[in-house]
Amino acid sequence: MSANQSRTTTVMKSATDIKEVLLRWCKSKTSENPNVAITNFSSSWADGLAFCALIHHFYPDAFDFKALDAKNRRKNFEHAFKTAEYGFVKQSNTLLTV
């Protein structure tokens, strides 16, 4: 089998396979937060804590994850999006100046 055939085989996974790989990746990146149990892409994300945990994994100094409240769904999502956007912009600016 050539390198191109191998790459094509890897790319031709089903949508379900890709979803499961992505779900496992999300679980692995949020496993340090015991209050977050990711089991699916719907109800596990409903209170915003899973998204905050994912963002917190990459920007651990950006906010105190333990201070978040599952009852403040909207605030959690806003916080996660703002932190992610700030981190992305900051990283993009760093890459542009290098």
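Computed from a predicted model, the values in this text were never measured in an experiment.
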Quiz item: So, for C26 and L54, which heavy atoms are closest and what is the spacing to 0.1 Å?
Solution: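 Residues C26 and L54, closest heavy atoms: SG-CD2, 4.5 Å.
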
| Least distance between heavy atoms, V36 atom then F65 atom |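 V36 and F65 have their closest heavy atoms at CG2-CZ, 3.6 Å.
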
Applied to residues 43-52, the side-chain hydrogen bond (donor to acceptor under 3.5 Å, both in side chains) test, sequence neighbours excluded, yields T39-S44, N40-S43, N40-S44

So side-chain hydrogen bond (donor to acceptor under 3.5 Å, both in side chains) across residues 25-36, not counting sequence neighbours, yields E32-H57

**Request:** Answer yes or no: is there a side-chain heavy-atom contact under 4.5 Å between F51 and F81?
**Result:** yes

Measure the shortest side-chain to side-chain distance between R24 and V21 over non-hydrogen atoms and say whether it is less than 4.5 angstrom. yes

How many angstroms lie between [atom1] in [X] and [atom2] in [Y], if you round to the nearest 0.5 Å?
X	Y	atom1	atom2	value
I55	F77	CD1	CZ	11.0 Å
N72	L49	CG	CG	9.5 Å
C52	N76	SG	CG	4.5 Å

### Query
Going by the angle between their ring planes, with limits at 30° and 60°, are F63 and H79 parallel, tilted or perpendicular?
perpendicular

* Taking 4.0 angstrom as the limit, do E78 and R74 come out as a salt bridge? ->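 Looking at R74 together with E78, the answer is yes, because their closest N to O distance falls below 4.0 Å.
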
